[in-house]
Amino acid sequence: MKPLAIPGINEIYHKNPVAADRLLWGRRTSALTRRGFLQNSGLGALSTALGMSIPFARFMPAGLIPAAFAADSAPAVIEGKDGLILLNDRPINAETPAHLLDDDVTPNRYLFIRNNGIPPKNIDAEKWQLEVEGESCSRPSRFGIAELRARFEEVTLQLQLECGGNGRAEFVPATSGNQWTTGAVACPSFSGVRLRDVLSYCGLRQDAVYVGYYGADTHISGIPDRAPISRGVPIAKAMEQESLIAWKMNGEEIPLQNGYPLRMVCAGWPGSVSGKWLKRLVVRDRVHDGEKMAPPSYSVPITPVAPGSQVPNEEMRIIESMPVKSLVTFPQSGISHDLRENLVVRGHAWAGDNQVGAVFISIDFGVTWLPTTMRPGANRLAWQHWQARVQFPQPGYYEVWARAVDDQGRSQPMVVPAWNPRGYLNNACHRIAVQAV
Ligand SMILES: Nc1nc2c(c(=O)[nH]1)N[C@H]1C(S)=C(S)[C@@H](COP(=O)(O)O)O[C@H]1N2
Ligand SMILES: [Mo]
């Protein structure tokens, strides 16, 4: 099902080499693209390239790159992380293919890795200390992990983490940073204490505005005392009952790459607010000013801009709750399916601080949408599971598209949404390819 040649590719190369490269080598094809890359090649050529007919070809949006053209990347060899796709090896950044995210609760080995620096080495969890301080903290304190455990109530919650740059690979023109496709998201279960219990114990002054974190990872440059990243959340988010300081993931130690032995988890916001290898929390009387806290990091233009624009920092806002999104985790894109049988299609959906209202799927390029059955999430800020059965009318090439709508009525877009300089918040619909035979 993976064609070796794409008709018209030479012309595409001529006009837009970056796009052509993506088409051939990239994995940038899970959402629709605004550009008509294939406009020179007719539908006949497209069917030839796919090696099969396209029953709903008449509904195919102009310029759609078939999901079947998504190239396979070789999985990386990262200890304890079988099957992840490596995007960068220094610092390590690796994403999870959609079909490996099929579990209701993401196993430790499938939690994506997004490192801004180099993780600490030779960690002794028994000696690990968390400091809480800052100008708006009235009772600065230190805790070992055993003390956190003894002093505060232990809670376990399933919490969804998604990197703000997930889906970046689909923006045109390309934006710098890790070229995540769909796999910088997961929803493991975390155990620890509530951030708010710790903060309340340490005393928040009246003027407290923000909580910032510092981790034990080191800057890629090797410069000591330079934090690779130090972000945080406004007090209101920190005080939510789902915001945790966690030492366990799925009942096990947190994997080294994911923040062992202690991390913050503030779900529904960009993953970057959830500090790993957590050493220090600072209660601030202003928006925290740590590394990668201010625009343009993890920020988007306040008003939409033309693709490729330069945007002054003052015209950007820091990303907070993430937009509604979904994934098809079963079947794996590219399968062949026996036409005589229904195909079970399933996945997850999530909506930042909100709930998902509904998930729909389409097998005719978005002309008709079928409802799916949804199960509630395990708790607030956990992803929600959906499932449907589809029947294909005749043999040929199909795409299954999934589209979630949040409880405010906001839908995922079909096409890549507002371009922004750093390539954040692409919540376009996920598509998979199915050959009915
Ligand atoms: N100390 C520290 N915390 C960090 C990071 C980091 O590089 N260092 N990366 C952040 C980013 S950008 C994301 S998306 C999440 C990723 O968490 P994961 O690697 O466990 O999936 O951790 C966040 N916390
Ligand atoms: Mo991130």
Side-chain angles (χ1 to χ4, degrees), residues 76 78 80-81 84-88 90-96 100-101 106-120 123 128 130 159-168 175-180 182-190 192 211-221 225-233 243-250 252-282 288 290-293 296-300 318-320 322 422-426:
I78 305 169
K81 295 283 182 181
L84 265 61
I85 307 292
L86 193 68
L87 303 179
N88 186 358
R90 197 185 147 81
I92 293 181
N93 284 272
E95 71 173 329
T96 316
L100 296 184
L101 290 171
T106 313
N108 289 13
R109 66 184 183 284
Y110 293 148
L111 174 57
F112 71 98
I113 303 169
R114 196 292 183 243
N115 290 347
N116 287 264
I118 309 300
I123 296 164
W128 194 267
L130 170 67
L159 296 168
Q160 162 264 311
L161 282 176
E162 182 179 19
C163 181
N166 195 23
R168 176 178 292 132
T175 55
S176 62
N178 290 291
Q179 296 299 304
W180 305 106
T182 59
V185 62
C187 194
S189 151
F190 290 96
V211 178
Y213 69 76
Y214 288 90
D217 45 343
T218 49
H219 197 268
I220 197 99
S221 63
D225 299 327
R226 181 161 170 203
I229 185 167
S230 169
R231 304 195 69 239
V233 289
S243 293
L244 301 186
I245 299 174
W247 54 77
K248 281 213 157 135
M249 206 168 109
N250 298 321
E252 297 162 39
E253 284 172 351
I254 297 173
L256 172 66
Q257 298 291 345
N258 301 115
Y260 176 79
L262 198 65
R263 78 172 296 168
M264 246 170 109
V265 186
C266 292
W269 287 37
S272 53
V273 303
S274 294
K276 303 195 282 188
W277 310 289
L278 185 65
K279 287 297 294 172
R280 190 152 63 98
L281 288 171
V282 284
H288 180 53
E291 190 65 28
K292 302 197 179 177
M293 191 67 242
S297 295
Y298 302 101
S299 299
V300 289
I318 298 171
I319 300 166
E320 299 196 331
M322 299 273 284
R422 293 291 178 99
Y424 298 118
L425 306 187
N426 173 9

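Count residues from 1 along the sequence. One-based numbering, in listed order, for ligands and for the atoms of each.
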*Does R280 make a cation-pi contact with Y213 (under 6.0 Å, within 45 degrees of the axis)?*
no
*Does ligand 1 have a heavy atom under 4.0 Å from the side chain of P91, from its backbone, from both, or from neither?*
neither
_List ligand 1 atoms under 4.0 Å from N116, heavy atoms only on the residue side._
5 (C), 6 (C), 7 (O), 9 (N), 10 (C), 12 (S)
*Interatomic spacing from OG in S299 to CZ in R422 - rounded to 0.5 Å*: 9.0 Å
*Distance to 0.1 Å, residue and atom name: give those for the protein heavy atom nearest to atom 24 (N) of ligand 1.*
S274 O, 2.9 Å
_ligand 1 contact by G259, heavy-atom criterion under 4.0 angstrom_ = no
*Is the closest heavy atom of Y214 to ligand 1 under 4.0 Å?*
no
*Answer with yes or no whether the side chains of K276 and N258 bring together a donor and an acceptor at under 3.5 Å.*
no
_Under 4.0 Å, heavy-atom basis, I'd like to know which part of Y298 is in contact with ligand 1: side chain, backbone, both or neither._
side chain
*Mind checking whether L111 contacts ligand 1 via backbone (N, CA, C, O), side chain (CB onward), both or neither, at a 4.0 Å heavy-atom cut-off?*
side chain
*With a cut-off of 4.0 Å, which atoms of ligand 1 are near a heavy atom of I113?*
19 (O)
_Looking at every heavy atom in both L130 and I245, which two are closest together, and how far apart are they?_
CD2-CD1, 4.0 Å
*asked:* Tell me whether K81 contacts the main-chain N or O of L111 through its side chain, where contact means a donor paired with an acceptor under 3.5 Å.
replied: yes
*Look only at interatomic distance and state if R263 has a nitrogen or oxygen under 3.5 Å from any nitrogen or oxygen of ligand 1.*
yes
_Looking at non-hydrogen atoms alone, which of L278, T218, D217 comes nearest to atom 2 (C) of ligand 1?_
D217
*Where is the nearest protein heavy atom to atom 23 (C) of ligand 1: which residue, which atom, and how far?*
G271 O, 3.3 Å
*Please state which protein non-hydrogen atom is closest to atom 21 (O) of ligand 1 and give its distance, to 0.1 Å?*
F112 O, 2.6 Å
*Hey, are the side chains of F190 and K248 touching, using non-hydrogen atoms and a 4.5 Å cut-off?*
no
_When you compare the side chains of R231 and S272, does any donor N or O come within less than 3.5 Å of an acceptor on the partner?_
yes
*asked:* I need the Y110 OH to T96 OG1 distance, nearest 0.5 Å.
replied: 9.0 Å
*Indicate yes or no for a side-chain donor-acceptor contact from N88 to the backbone of L86 under 3.5 Å, with no hydrogens or angles considered.*
no
_Only heavy atoms of G275, strictly under 4.0 Å: list the atoms of ligand 1 that pass._
3 (N), 24 (N)
*Could you give the distance from CZ (R114) to OG (S274), rounded to the nearest 0.5 Å?*
13.5 Å
_What protein heavy atom lies closest to atom 3 (N) of ligand 1? Include the residue and the distance to one decimal._
K276 N, 2.9 Å
*Should you measure from each heavy atom of N258, which atoms of ligand 1 turn up under 4.0 Å away?*
18 (P), 19 (O), 20 (O), 21 (O)
_Per-atom contacts, ligand 1 versus N115 - under 4.0 Å to a heavy atom_ = 7 (O)
_Ligand-side contact atoms (ligand 1) for residue partner C163, heavy atom cut-off under 4.0 Å_ = 14 (S)
*Which residue and non-hydrogen atom of the protein lie closest to atom 10 (C) of ligand 1, and at what distance in Å?*
S272 CA, 3.6 Å
*Hey, which atoms in ligand 1 end up nearer than 4.0 Å to a heavy atom of Y213?*
3 (N), 4 (C), 24 (N)
*Counting from 1, what ligand 1 atoms have a heavy atom of I229 closer than 4.0 Å?*
2 (C), 5 (C), 6 (C), 7 (O), 8 (N)
_ligand 1 to E162 polar contact by distance, N or O atoms, under 3.5 Å_ = no
*Got W128 and P261 here, is their nearest side-chain heavy-atom distance under 4.5 Å?*
yes
_Side-chain (N250) to main-chain (S189) donor-acceptor, under 3.5 angstrom_ = yes
*asked:* I'd like to know if the side chain of H288 reaches the main chain of V233, judged simply by a donor and an acceptor atom lying under 3.5 Å from each other, with no hydrogens or angles considered.
replied: no
